[in-house]
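Counting convention: from 1, in listed order, for ligands and their atoms alike. Just so it is clear, the values below take in all heavy atoms, side chains as well, and ignore hydrogens, waters and symmetry mates.
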Amino acid sequence: MQSRVAIEKHFRLTRIALFVVWAVLSTIVVAWSVSAAKQRALSDVMQKAGETLSVQTEILSGVLDKYRLLPPLLSQQSSIRALFVRDAEGNAQAVDARRTAEAIAGMSAARDVAFFFPDGELLANARGPFAEREEGLPRLIAVALQGRLGRAALSNSDGERTYAFSSGVRREGKFVGVVIVYVDFYRVEAAWALSARRIFVTDPSDTVFLANDADWRLNRISGLRQAGSPDHYLIDGRYQERIDLVRRLPVLEWDLHVLADPAPVGAARLNAAAIASLAALLLGVIALVVLRRNEDALIRARSDRATALRLERVVRDRTRALSVTNQSLSQEVEVRREAEDRLRKTQDELVQTAKLAALGQMSTALSHEYNQPLAAIRSYADNAIRFLERGATSEVSGNLVRINGLVDRMAELSRTLLSFSRKPGATIGPVPLGTIVDEALLLARPRARAAGIASITVGEAVSGLHVIGGRIRLGQVFVNLVNNAIDALSGQTDARIGIDARRQGDRVVVTVVDNGPGIKPELLPKVFEPFFTTKGVGDGIGIGLSIVDNIIRDFGGTIMVTNQAEGGACFTIILQAAEPGHADGAGESALRSEGATV
Ligand code: ADP
C-alpha cells in the first residue's frame, strides 16, 4: 500500500505529463481546426465569388454579343444600304437615316446608332450631338472599311463609357458607308451595384473601365491597391483586404474582377479556434477532475485501509491483553479454588473436630449409658442362673428376653455413635427432620440425664416435616444446640429443653429452647463467632455455634438466637422445606430414632 505522499507525488507527475500531452494535442487540434475552418470558409467565399463572377461574365458577354452582331446584320439590310446616297448636290438622306437610326436604337436599346460615309462624314445618328463620341472614330471606320468588325472602348471626360462596334456597308462590292452601334453599360453597372462585392472590368491597360463603384471608374487598378500589399483595395475610403477573382473576356481582352471579402475566413478561423480551444479546455478539465477523483478515491481507500489496520492492531492488542488477563484470572480462579478447597477441608476438619469435641463432652455419659445396661445384663444373667438351678425356667426366659432388649439398645447406641463420628458427605437433599432430631437426642440424652435435665420434649409436628439438608450435619447441629442447652442448664432445678418445628410457606422453622439463664444481650451478636466462649478452659473452645452457623448456611438456611421473655435462650433455624416421600439421607448415613423422652 502506497503512502499518501507517494500517491500525491504519483498524481502530481501524472498531472504534469497529462498537461504536457494535453497542451501538445490541444495545439495540434486547434491548429488543425483553424486550418480546416479556413479552408472551408475560403472555398465557400471563393465559390460564392466565383458564382458571381460566372454570372456577371455571362451577363456582360451576353450584352456585348448581342450588340456585336447588330452592325454586321444592319449592314446587310438593303434599306440601310439605300441610305448611303447623296443627291446631285451632294446632300445626303439625313432625315431618313436619322429616323432609321432612332428606330434601331430604340428597338435594340443601344446607346446610339450612327451611319458614316467612308470618308468619315456623319450621315446621321440616333441620339443627340455626336461630338463626344468622336474618340476612336477614325479607327472604327478604317477597320470596318477593311471588311472586319470594328470595336473600341470609348470614354470621355465626363466619365461616360461606351463600347462601339462598326461594320462596313457595301453596295455593288464597294463600301458606301459604315454602321456603328454604341453600347452603354448603364444597366450592367446598375445590376452590379446591387452586389456587396466589388465587381469591375479592367482593359488591357489595367484601367478600370466598368465598376459598381463610381469612384473606381477610369482609374488605374494599381492606384486602387495599397502600395506594398496588393491584396488591399481602397474601399469606402480605406484599404481593405480582398481576394481578387478574375475571368478574362477573351475577344475583348477585358478582365472581369470580383473582389471577395475574406472576413468570413477570419471569423471562421476565430470561431474554430475558440470552439477547439473550449473543447480542449473542457477535455482538460474533465481529465483533471477524473484524475483528482481517482487520487481522492485512492487516498480515501488508503486511509480506510490504514484505519482498518489500526483497528485490527488495536483489536489484536486488546485481545492479547484480554487473553493475558484471562490467563491471570483463570490462574487466580485456580488459586481461589485451591484456597476454597483448603478452606472446605479445614472446615470439614473443624466440623469433625467440633463433633468429636461434642462426643468428648458426652463420652462420660455415654460410657455410663453402656455401663448401666451392662450391670443390668449381669444381674439378669446371675438371676437367670439361680432360676435355672431352681428349675424356674419360665423366669429364666423372661430374664433372657430382657437381656436381649438391653443388648439391642446398646447395639443401637453404638451404631448411632459410629455413624455420627463418621465424616459427613457434601451432598444435601430432603431429609426427615423427626428422625434426625431423634438420632441427635439418642446421643445427647445420656449427658442430659447425667446433668439432671428434667425433660427434653420434641413437638409433635417435628416428625412429619422434611427439610433440605445433610443428615449427619443436621444431626450435629441438634447435638451441639442440645449440648449447649445442657451446659447452660447445669445445676438448675426443673431444667427443660424443648425442640419444636412448624411449616411456614416453603420454609420450616425449627426452635431449640431451654429455660436456662439465656445469653447476655451484649453477647448475642457474638455467639456465632468462631472461638467465642464464656466457658472455662477445658469446658469449651467456642467453635460449636460457628460450625452450626456454617452448616445451616450450607443448607441455604439461617440461624439466629434470642432470649425468651420468660427466660432462657431460643435458637431459631429456618430451612427450606422438602416434601415428605422423597428419598432421604442426602448421601449421609441414616441414624436410627429412639425414644423421645429421658
Ligand atoms: P462453647 O460451647 O465451646 O463455649 P459454642 O460456640 O457452642 O462454644 O458456644 C458459645 C457460647 O454461647 C457459649 O460459651 C455460651 O456462653 C453461649 N451459649 C450457647 N448456648 C447457650 C444457651 N443455650 N444458653 C446460654 N448461653 C449459651
## Note on the structure
Check: of Asn484, Asn480, Ile547, Val527, min heavy-atom distance to atom 17 (C) of ligand 1 comes from Val527

### Task
Number the atoms of ligand 1 from 1 as they appear, then name those within less than 4.0 Å of a heavy atom of Gly542, with their elements.
1 (P), 3 (O), 6 (O), 8 (O)

### Query
With atoms numbered from 1 as shown, which atoms in ligand 1 lie under 4.0 angstrom from a non-hydrogen atom of Ile541?
3 (O)

### Message
Using the side chain to side chain contact (heavy atoms under 4.5 Å, CB included) definition, which of the options Thr558, Leu474, Leu481, Val508 pairs with Ile573?
### Response
Leu481

### Message
For atom 27 (C) of ligand 1, what's the nearest protein heavy-atom neighbour? Residue, atom name and distance, please.
### Response
Ile519 CG1, 3.8 Å

#### Entry: Glu8, CD: over 12 other non-hydrogen atoms inside 6.0 angstrom
yes

### Query
Which protein heavy atom lies closest to atom 16 (O) of ligand 1, and at what distance to 0.1 Å?
Thr534 OG1, 2.2 Å

### Task
Kindly indicate, with the supporting measurements, whether the criterion salt bridge (Lys or Arg N to Asp or Glu O under 4.0 Å) is fulfilled by Glu340 and Arg337.
CA-CA 5 Å; Glu340 254 173 40; Arg337 212 173 47 76; over 6 Å; no

### Task
List the closest protein heavy-atom neighbour of atom 25 (C) of ligand 1: residue, atom name, distance to the nearest 0.1 Å.
Gly518 O, 3.4 Å

### Summary
re atom 1 (P) of ligand 1, the protein heavy-atom contact at minimum distance is Lys535 NZ, 3.6 Å

### Query
Taking atom CG of Asn484 and atom CG of Asp487, what is their separation to the nearest 0.5 Å?
6.0 Å

### Task
Output all residues satisfying ring-ring contact (aromatic ring centres under 6.0 Å, His included) with Tyr370, sequence neighbours left out; order by chain, then residue number.
none

### Query
For atom 4 (O) of ligand 1, what is the nearest protein heavy atom, given as residue, atom name and distance?
Thr533 OG1, 2.5 Å

### Message
If the test is side chain to side chain contact (heavy atoms under 4.5 Å, CB included), which one of Ile456, Val482, Ile486, Leu413 qualifies with Arg445?
### Response
Ile456

### Task
Report yes if some N/O of Ala569 lies less than 3.5 Å from some N/O of ligand 1; otherwise report no.
no

### Message
Can you report which non-hydrogen protein atom sits closest to atom 10 (C) of ligand 1, along with the distance?
### Response
Phe532 O, 3.2 Å

### Summary
Minimal heavy-atom distance between Leu575 and Gly557, with the atoms involved, is CD2-CA, 4.4 Å

### Task
Give the residue, atom name and distance (to 0.1 Å) of the protein heavy atom nearest atom 6 (O) of ligand 1.
Leu545 N, 2.9 Å

### Task
Just jot down the salt bridge (charged side-chain N to carboxylate O under 4.0 Å, His left out) partners of Arg336, sequence neighbours excluded, or say none.
Glu332

### Summary
atom 24 (N) of ligand 1: closest protein heavy atom, distance to 0.1 Å, is Ala488 CB, 3.3 Å

